[in-house]
Amino acid sequence: MSKRIAMIGTGYVGLVNGVGLADFGNYVTCADIDTNKIDMLKKNQIPIYEPGLQEYFERNVKMGRLSFSDDIDQTIQENEIIFIAVNTPFVENKGTDLSYVESVGRRIAKNLNNYKVIVTKSTVPVGTNRWLKELITKESGNTNFDVVSNPEFLREGKAVYDFFHPDRVVIGCESERAQEMLKDIYRALYLIETPFVFCGFETAELIKYSSNAFLATKITFINQIANLCESVGGDIHLVSKAIGMDKRIGSKFLHPGPGYGGSCFPKDTRALVEIGEKYNVEMSLVGEVIRINEQQKIRMVQKLEDSLGDLTGKTIAVLGLAFKAETDDIRESPAVAIINELLNRKALVAAHDPQANNNAKLIFGEKVKFCDDKYEAVKNADTLIIVTEWNEYRSLDLGKIKLLMQGDIILDTRNLLAPAEVEQAGFKYVGVGR
Ligand code: NAD
Ligand code: UGA
């Protein structure tokens with residue numbers, strides 16, 4: 001039976017889940033304190049770039065299953081299942097900022113007019129769901145609700161596909177009634193035999209952090225092997241391919257690059273170290289991953305300096321600002337760290353990204369020249385550095401770039417280009433691990 005769902009927090013995760021759950025036949029109201037966002041959504045404008053989302057969005061709005069509101073209290077009152085999908089940023093020296101989750105928890109307590117299932121989608125440290133349950137009980141003086149930890153595993157840029165084809169759904173809860181309601185809203189996935197993992201709060205919370213930290217570790221491992229390849233003359237692509245053929249290792253997340261970024265791996269690895277500190281359990285492996293990843297970004301600038309010499313006054317064309325392809329998200333993007341380092345070393349930067357220019361302008365303003373055309377960015381550049389693996393950078397017109405550029409070095413931090421072709425076009429090719 002279709003359910004009435006409130007999605008509190010309509011960012012990347014809230015919007016994709018809201019749209020997806022509506023497509024499963026549920027009635028979903030997405031609510032947010034950001035009234036601009038809600039105004040846009042009411043006008044059928046999607047505030048983020050996420051491939052494939054528009055079609056599902058329009059269909060469900062048209063069918064009357066998806067609506068938007070900036071009235072959080074009313075949205076809570078009118079729905080039985082309340083998802084919390086607000087941001088949980090990591091603040092240096094302070095830890096995970098749970099103030100947004102807490103604020104929603106207090107709003108729920110104030111509006112607990114009948115039985116509700118409160119589902120935490122946001123990534124939250126171990127202990128948060130238990131704490132949330134206590135907070136709502138204390139604030140409302142009512143226990144007519146259940147809490148469920150239902151962590152999210154979608155990837156930006158592939159979020160729609162991931163919503164409809166998850167590798168697993170994790171449901172951490174202590175109530176059979178709530179478990180049945182969750183099974184009901186995800187019935188479409190249950191029927192196609194998506195694996196469901198039912199567990200307690202703490203286990204669900206740890207599954208999320210362990211998953212992200214493991215993937216971050218895998219990337220960091222291959223980045224270090226890539227660096228070793230450069231010194232010993234190995235080819236990282238063959239190393240990745242061959243080790244990935246071992247099913248115990250698996251071929252995914254073995255692409256070397258400028259270090260991982262994004263709104264989650266950096267924050268969730270830091271949070272896991274913090275959780276370890278809180279419980280006095282060593283998490284030094286993840287701590288090292290964080291340190292090595294920071295080095296990897298700066299290493300890209302060092303490679304540039306090794307090839308080009310002192311960067312003072314040199315013009316560097318940066319292609320790609322998003323933390324990965326198919327998104328406009330620049331949170332913790334390696335490109336941001338690389339540009340900051342280039343500016344520190346007194347280089348001049350011209351940049352292009354097919355989706356993320358506007359977000360990057362908010363950080364760099366006039367310090368970087370932003371170009372709508374990638375060929376405009378390379379004009380008179382001493383070096384070209386590719387930082388995001390956008391498909392359009394795989395088929396660059398190298399002849400045209402050679403005529404436009406002043407210098408002859410291409411640093412390909414994602415190994416998108418064929419070194420032989422780049423060299424044939426008259427450039428010096430620098431990749432990662434090959
Ligand atoms: P986001 O910043 O894109 O969206 C969060 C939204 O919550 C914003 O629109 C904000 O205005 C809103 N919000 C904040 N406080 C609110 C309140 N009190 N009431 C109503 N709305 C409020 O964040 P996101 O990327 O969607 O991430 C949300 C959570 O999901 C985080 O915990 C994140 O770690 C986790 N997560 C994110 C991804 C991802 O790919 N982005 C994947 C898995 C898990
Ligand atoms: C990641 C996880 O993949 C999701 O399962 C999870 O839900 C999400 O974090 C989250 O918790 O927010 P996302 O950050 O969107 O998703 O993107 P990924 O595709 O995982 O890439 C993360 C970073 O690692 C990017 O900077 C990417 O370029 C880099 N990466 C990825 C590599 O350098 N090499 C690889 O082989 C894979």
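These numbers come from the heavy atoms of this one structure, side chains and all, not from hydrogens, waters or symmetry mates. First listed ligand is number 1; within each ligand, the first listed atom is number 1. Just so we're clear, the structure is a prediction, and the values are computed from it rather than from any experiment.
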Visitor: Return the closest protein heavy atom for atom 23 (O) of ligand 1 as residue, atom name and distance.
Guide: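 Among all protein heavy atoms, the one nearest atom 23 (O) of ligand 1 is Arg331 NH1, 4.0 Å.
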Visitor: Heavy-atom pairs closer than 4.0 Å: do any link ligand 2 to the side chain of Ile222, the backbone, both, or neither?
Guide: neither
Visitor: At less than 4.0 angstrom from any non-hydrogen atom of Ile8, what atoms of ligand 1 do you find?
Guide: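 Matching atoms, with element in brackets: 19 (N), 20 (C).
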Visitor: Stepwise, does the salt bridge (Lys or Arg N to Asp or Glu O under 4.0 Å) test hold for Arg130 with Glu202?
Guide: CA-CA 8 Å; Arg130 206 166 287 291; Glu202 289 74 14; 2.7 Å; yes
Visitor: Salt bridge (Lys or Arg N to Asp or Glu O under 4.0 Å) for Glu341 and Arg345? Distances and angles first, verdict last.
Guide: CA-CA 6 Å; Glu341 189 60 23; Arg345 298 189 193 193; 2.9 Å; yes
Visitor: Tell me, with the steps shown, if Glu294 and Lys297 meet salt bridge (Lys or Arg N to Asp or Glu O under 4.0 Å).
Guide: CA-CA 6 Å; Glu294 289 308 307; Lys297 301 180 215 169; 3.2 Å; yes
Visitor: In Å and rounded to the nearest 0.5 Å, what is the CD1 to CZ distance from Ile363 to Arg331?
Guide: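 It is 11.0 Å, given to the nearest 0.5 Å.
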Visitor: Of the listed options (Arg414, Glu389, His255, Glu152), which comes nearest to atom 28 (O) of ligand 2 when hydrogens are ignored and any heavy atom counts?
Guide: Arg414
Visitor: Among all the protein's non-hydrogen atoms, which is closest to atom 7 (O) of ligand 2, and how far away is it?
Guide: Leu154 O, 2.7 Å
Visitor: Check Asp329 against ligand 1 and report side chain, backbone, both or neither, counting heavy atoms closer than 4.0 Å.
Guide: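 Neither part.
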Visitor: Are any of the N or O atoms of Asp268 closer than 3.5 Å to those of ligand 1?
Guide: no
Visitor: How are the rings of Tyr186 and Phe163 set to each other: parallel, tilted or perpendicular (split at 30° and 60°)?
Guide: tilted
Visitor: Could you go through Lys116 and Asn114, starting from their C-alpha distance and side-chain angles, then the distance that decides it, and tell me whether this counts as side chain to side chain donor-acceptor pair (under 3.5 Å)?
Guide: CA-CA 6 Å; Lys116 295 191 193 294; Asn114 46 33; 3.1 Å; yes
Visitor: Going by heavy atoms, is Ser263 under 4.0 Å from ligand 2?
Guide: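 Distance cut 4.0 Å: Ser263 fails for ligand 2.
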Visitor: Please write down residue, atom name and distance for the protein heavy atom closest to atom 43 (C) of ligand 1.
Guide: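 Here the closest protein heavy atom is Glu152 O, 3.4 Å.
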Visitor: By number and element, which atoms of ligand 2 are closer than 4.0 Å to a non-hydrogen atom of Phe153?
Guide: 4 (C), 5 (O), 6 (C), 7 (O)
Visitor: Under 3.5 Å, N or O to N or O, is Thr123 touching ligand 1 that way?
Guide: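 In this structure, Thr123 places an N or O atom under 3.5 Å from an N or O of ligand 1.
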Visitor: Using a strict cut-off of 4.0 Å, indicate which atoms of ligand 1 neighbour a heavy atom of Leu154.
Guide: 40 (O), 42 (C)
Visitor: I need the nearest protein heavy-atom contact for atom 21 (N) of ligand 1: residue, atom name and distance, please.
Guide: Ile33 N, 3.5 Å
Visitor: Near Glu156, which atoms of ligand 2 are under 4.0 Å from a heavy atom of that residue?
Guide: 15 (O)
Visitor: Where on Arg107 is there a heavy atom closer than 4.0 Å to ligand 1, on the side chain, on the backbone, on both, or on neither?
Guide: neither
Visitor: Among all protein heavy atoms in this structure, tell me which lies nearest to atom 4 (O) of ligand 1, with the distance rounded to 0.1 Å.
Guide: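 Sorting protein heavy atoms by distance from atom 4 (O) of ligand 1 puts Gly11 CA, 3.2 Å first.
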Visitor: In sequence, state the C-alpha distance, the side-chain angles, and the governing distance for Arg291 and Glu288, and then conclude on salt bridge (Lys or Arg N to Asp or Glu O under 4.0 Å).
Guide: CA-CA 5 Å; Arg291 189 186 64 79; Glu288 269 304 282; 2.7 Å; yes
Visitor: Using a 3.5 Å distance criterion without hydrogens, assess whether the side chain of Glu282 forms a donor-acceptor pair with backbone atoms of Ser284.
Guide: no
Visitor: Can you pull out the closest protein heavy atom to atom 18 (N) of ligand 1? Residue, atom name and distance to 0.1 Å, please.
Guide: Ser103 OG, 3.3 Å
Visitor: Quick check on contacts: which atoms of ligand 1 are under 4.0 angstrom from a heavy atom of Ser263?
Guide: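 The atoms of ligand 1 under 4.0 Å from a heavy atom of Ser263 are 41 (N).
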Visitor: Below 4.0 angstrom from a heavy atom of Ala85, which ligand 1 atoms are there? Numbered from 1 as shown, please.
Guide: 5 (C), 28 (C)
Visitor: Of all the non-hydrogen atoms in the protein, which one sits nearest to atom 14 (O) of ligand 2, and at what distance?
Guide: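 Looking only at protein heavy atoms, the one closest to atom 14 (O) of ligand 2 is Phe323 CE1, 3.5 Å.
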Visitor: Which atoms from ligand 1 have a heavy atom of Lys37 less than 4.0 Å away?
Guide: 8 (C), 9 (O)
Visitor: Any N or O of Tyr260 that comes nearer than 3.5 Å to an N or O of ligand 2?
Guide: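 No, Tyr260 has no N/O under 3.5 Å of an N/O on ligand 2.
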Visitor: For Tyr115 and Asp146, which I'm curious about, is there any donor-acceptor pair between the side chains at under 3.5 Å?
Guide: yes
Visitor: Kindly identify the option in Tyr100, Tyr12, Phe153, Phe90 whose heavy atom sits closest to atom 3 (O) of ligand 1.
Guide: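 The nearest heavy atom belongs to Tyr12.
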Visitor: May I ask whether Lys158 has any heavy atom positioned less than 4.0 angstrom from an atom of ligand 2?
Guide: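 Contact check Lys158 vs ligand 2: negative.
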Visitor: Report the nearest protein non-hydrogen atom to atom 28 (C) of ligand 1: residue, atom name, distance rounded to 0.1 Å.
Guide: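 Nearest neighbour among protein heavy atoms for atom 28 (C) of ligand 1, to 0.1 Å: Val86 O, 3.4 Å.
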Visitor: What is the closest protein heavy atom to atom 41 (N) of ligand 1, and at what distance does it sit?
Guide: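 Checking every protein heavy atom, the shortest distance to atom 41 (N) of ligand 1 gives Glu156 OE2, 2.8 Å.
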Visitor: Side-chain polar contacts of residues 2-9 - donor-acceptor pairs under 3.5 angstrom, sequence neighbours left out - could you list them?
Guide:
unit_1 : atom_1 : unit_2 : atom_2 : d
Lys3   : NZ     : Asp184 : OD2    : 3.4
Arg4   : NE     : Glu78  : O      : 3.1

Visitor: For atom 19 (O) of ligand 2, what is the closest protein heavy atom, and at what distance to 0.1 Å?
Guide: Lys324 NZ, 2.9 Å
Visitor: At a 4.0 Å cut-off, with the gap strictly under it, does some heavy atom of Ile219 reach an atom of ligand 2?
Guide: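 The answer is yes: ligand 2 sits under 4.0 Å from a heavy atom of Ile219.
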Visitor: Does at least one non-hydrogen atom of Cys264 fall below 4.0 angstrom from an atom of ligand 2?
Guide: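 The answer is yes: ligand 2 sits under 4.0 Å from a heavy atom of Cys264.
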Visitor: Side chains of Gln77 and Asp73: is there a donor and an acceptor less than 3.5 Å apart?
Guide: no
Visitor: With a 3.5 Å cut-off and no angle check, do the side chains of Asp97 and Ser99 form a donor-acceptor pair?
Guide: yes
Visitor: If you measure every N or O of Asp32 against every N or O of ligand 1, does any of those distances drop under 3.5 Å?
Guide: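 Yes, there is a polar N/O contact under 3.5 Å.
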Visitor: Got the closest protein heavy atom to atom 38 (C) of ligand 1, with its distance?
Guide: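 Here the closest protein heavy atom is Val13 CG2, 3.3 Å.
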Visitor: Heavy-atom distances under 4.0 Å are what count here, so tell me which part of Asn212 touches ligand 2: side chain, backbone, both or neither.
Guide: side chain
Visitor: Give me each pair satisfying side chain to side chain donor-acceptor pair (under 3.5 Å) with a member in residues 212-226, each pair once, sequence neighbours excluded.
Guide: Asn212-Asp268
Visitor: Report yes if Lys267 has an N/O atom closer than 3.5 Å to an N/O atom of ligand 1; otherwise report no.
Guide: yes
Visitor: What atoms of ligand 2 come closer than 4.0 angstrom to any heavy atom of Lys208?
Guide: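 In order of number, 6 (C), 7 (O), 10 (C), 11 (O).
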